[in-house]
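In what follows, a structure is listed as structure tokens, so that the remarks can point back to it.
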There are 2 protein chains.
Amino acid sequence: MMMMNGGGGGAKVLPEAFDPAAVAPEPVPAAVADLIGNGAGGEEGKAAGGGKRGIVLGRNVHTTCLAIEEPDANDEFTGDKDAYMAGVLARYRKTLTERTKHHLGYPYNLDFDYGALAQLQHFSINNLGDPFIESNYGVHSRQFEVGVLDWFARLWEIEKSDYWGYITNCGTEGNLHGILVGREVFPNGILYASRESHYSVFKAARMYRMECVKVATLISGEIDCADFKDKLLANKDKPAIINANIGTTVKGAVDDLDLIIKTLEESGFTHDRFYIHCDGALFGLMMPFVKRAPKVSFKKPIGSVSVSGHKFVGCPMPCGVQITRMDHINALSRNVEYLASRDATIMGSRNGHAPIFLWYTLNRKGYKGFQKEVQKCLRNAHYLKDRLREAGISAMLNELSSTVVFERPSEEEFVRRWQLACEGNIAHVVVMPSVGIEKLDDFVNELIEKRSTWYRDGTVQPPCLAVDIGAENCCCALHK
Amino acid sequence: MMMMNGGGGGAKVLPEAFDPAAVAPEPVPAAVADLIGNGAGGEEGKAAGGGKRGIVLGRNVHTTCLAIEEPDANDEFTGDKDAYMAGVLARYRKTLTERTKHHLGYPYNLDFDYGALAQLQHFSINNLGDPFIESNYGVHSRQFEVGVLDWFARLWEIEKSDYWGYITNCGTEGNLHGILVGREVFPNGILYASRESHYSVFKAARMYRMECVKVATLISGEIDCADFKDKLLANKDKPAIINANIGTTVKGAVDDLDLIIKTLEESGFTHDRFYIHCDGALFGLMMPFVKRAPKVSFKKPIGSVSVSGHKFVGCPMPCGVQITRMDHINALSRNVEYLASRDATIMGSRNGHAPIFLWYTLNRKGYKGFQKEVQKCLRNAHYLKDRLREAGISAMLNELSSTVVFERPSEEEFVRRWQLACEGNIAHVVVMPSVGIEKLDDFVNELIEKRSTWYRDGTVQPPCLAVDIGAENCCCALHK
């Protein structure tokens, strides 16, 4: 398929009609049948009214779809298309505003103002490969990325010369990277993770074909180090790779890093036979500002820490920070001449805007600003828990956390309206900087009002949550 | 670490001084030593002048770093910090503008205008988990994402009910996903990839612990199906997972999909014993509009196709589209109640802005708009190749490609200025919609002028590229 054109005739701008590789006459592919019904003709918001929602395996249900229509020949003249798109975007923006206002369940700080950065949106900023090695592609933001990494290295107490890291696409990429580094360091190591670890940890084990041992948890959601010890002792012949949760997804429980290390040592694992990855998705950034919390620090024998950037910091798109030790990274890296870059990342091409968002916020708030916000969130979380308990609603709040776990509201519509994350009988609210007292009051008042109707006639009782959050936090008929 | 607060006393807004978990008194961590020198005090653009550039393994060289400084107590009053940051951003923007103007080597379409979407930047849009299943998090853009996926499904000829897919973070994630699906379908399958495949393919093999066989290539860069057949026959006992390149990274060579399938069949591999992933990073979107190109279509026995969104379409950040067959995806998926979502993606949290960018451009341009742009790029690529050859510079252009491969400029400064991607003795320019005749003329004129000085005194000769691009395309002393 190589062009054997040896002609050296005068090069010129080729005419419009030039046909280097005859172009297909009809570029619009034949329409494929719309078997689902809601597909091509679907409209924004259709799902809101439908009852189709839910988990459906093996089907791609088109409940919401803004179909792409081929432009008409005279679109430029009529402006119809532009008007249509402007309308879609305006409606969408309205929905986002409303949805942002009523959001409580996910640990995202929705309160940010990046107006000063809007000027950068029309650049295609891509940090290819390694943040510390320039590639030939000039439209990058490495200088911001390295600034952000240095800030986190300082937070987690590792020297500039000793760490390696990068800005990831999300917390999951951080976990995928940390566990991969662990596996490369200990190819036959066993991955230990508490059963309340984020699902990406178990996904990683499957992807990487690693042996994985699930460890039990306490009612708080923390790893149960007695069970951990039993499992370590049963597998003494193989190195240990541990995922430590610095804030679990559901209960915001913080694994006791010092106890994990002590358990490893007591079980006969010397420091050269284990690797600890700290999944600090949300709390990795909050913990350093809480005095009583076990410190996340590279002065301890840990291998990597990851944290999400769109959570406590707040960012328009998911992103994260991954820091590991320089001496681990060579196990993973390889030279790639194409980019003039060594690539030890999971994704080669990386969003160059995310580091600038993070850089902007870190610069403005600083460590002291984050400290204030952490304090506020913990205060407000206590307020929420107290109000729930006062209303006779089962609720729990871990000491180091801003995640309030409580009785799952029995009405799906209410759950969706407040965008609560649920699991079994429990739901949670993650109190972020964007969640103030007023919003919490609105929420609790509405919950109390609705709840009185759910359990009015007494045929259904609120669920017992003793097994989920402990009898002392449960307000069910038996435990109250 | 659980809070055992059973008190039901009147909940109230807690005072500012409330201390739920005593906060560390000094939130600013101790500074870590700056061993590299260029670190904390580094300035934007420092690298440009320095001679430090290059591949350095096992070190994180802080050539460029915009350090984050803790705000002063009186920053809000003086406005110094705001002024400093505005200055950094203004300088950065200027650099980006200049770098964007002189960009030729990477296949990114830098020509886009998403002004209409700037209004969405202050929302934290996150498409958690599966695009087809709503999660409780309301600030998402699934309706746009599914619209984009449907468009690509139609382009690659698969029914809406038969495909599954999602918008990825980049082409690499598409390859990681496609190859993972292949491995889940054939757990003991061997991965075959030509040696000119993107490095992410070999990275995937290592991550997934798969047996990987490298196949030779023709001078054009296409897979050598004779060698492929030999290797298949030597491994007849195991299923085959094939990475087919729809445009290689360096030469833009398109593997002949039909010949790959024929080779598999002739080697005794029935359709239930192989899985083909098509890496269509750039050309996956261009090929359908080129008549003579072997069609990428799910009517053929292929398993998945991926394409980058920031390449031909153009997008402020990397992204991509991944489409696979619905009946393959169940091998990979698992239920995750936490998100009320089934997660068969690699990254759980996904950038919700990227689908809106793609939706916007696809809607505006349509299939016909892309056809025109593909035609223009192919025309301009021929123009560039002809001008180079006319000037006595070795150059090659594959018939179905807009990637012009030529003699690597011997001056590193020139390579960097035009942001050329290089490998060994060759460099390339990828002619994208943002690369017009005028820019190409500027480039060629400058190259001719500079080149005359590089080889002036005759002590150094331009390299022979016969082995890279064929004797008929080589203009070295021996072959011209």
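Throughout, protein chains are lettered first and strands after them, A, B, ... in sequence-line order, and every chain is numbered starting at 1.
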Output the distance between atom [atom1] ([X]) and atom [atom2] ([Y]), rounded to the nearest 0.5 Å.
X	Y	atom1	atom2	answer
B:Ser124	A:Tyr106	OG	OH	13.0 Å
A:Lys368	B:Glu70	NZ	CD	6.0 Å
B:Leu89	A:Leu117	CG	CG	5.5 Å
B:Asn363	A:Ile68	CG	CD1	5.5 Å
A:Arg93	B:Gln119	CZ	CD	5.0 Å
B:Gln419	A:Asn136	CD	CG	8.0 Å

[X] to [Y] - nearest heavy-atom pair and separation:
X	Y	answer
B:Asn351	A:Asn351	ND2-ND2, 4.0 Å
B:Arg364	A:Lys81	N-CE, 4.5 Å
B:Ser349	A:His310	OG-NE2, 4.1 Å
B:Pro316	A:His353	O-NE2, 3.1 Å
B:Gly366	A:Pro71	CA-CD, 3.5 Å
A:Leu66	B:Trp359	O-NE1, 3.0 Å

Sort [X] into side chain, backbone, both or neither according to what part of it lies under 4.5 angstrom from a heavy atom of chain A.
X	answer
B:Leu120	side chain
B:Phe370	neither
B:Arg350	backbone
B:Val415	side chain
B:His122	both

Interface residue of largest heavy-atom contact number with chain A, from B:Met347, B:Arg209, B:Met317, under 4.5 Å = B:Arg209

Among B:Tyr360, B:Tyr114, B:Phe112, which residue forms the greatest number of heavy-atom pairs with chain A at distances under 4.5 Å?
-> B:Phe112

Run the numbers on A:Tyr137 and B:Arg99 for side-chain contact (heavy atoms from CB on, under 4.5 Å), then give the verdict.
-> CA-CA 9 Å; A:Tyr137 183 59; B:Arg99 298 278 70 203; over 6 Å; no

Taking the side chain as every heavy atom from C-beta outward, state whether A:Met207 and B:Met207 have any pair of such atoms under 4.5 Å apart.
-> yes

Do A:Phe123 and B:Leu110 have side-chain heavy atoms sitting under 4.5 Å apart?
-> no

Specify which of [options] makes the most heavy-atom pairs with chain B at under 4.5 Å.
options	result
A:Ala86, A:Ala118, A:Ala253	A:Ala118
A:Gln121, A:His103, A:Met85	A:Gln121
A:Ala293, A:Gly352, A:Cys170	A:Cys170
A:Gly314, A:Cys315, A:Gly171, A:Pro318	A:Pro318

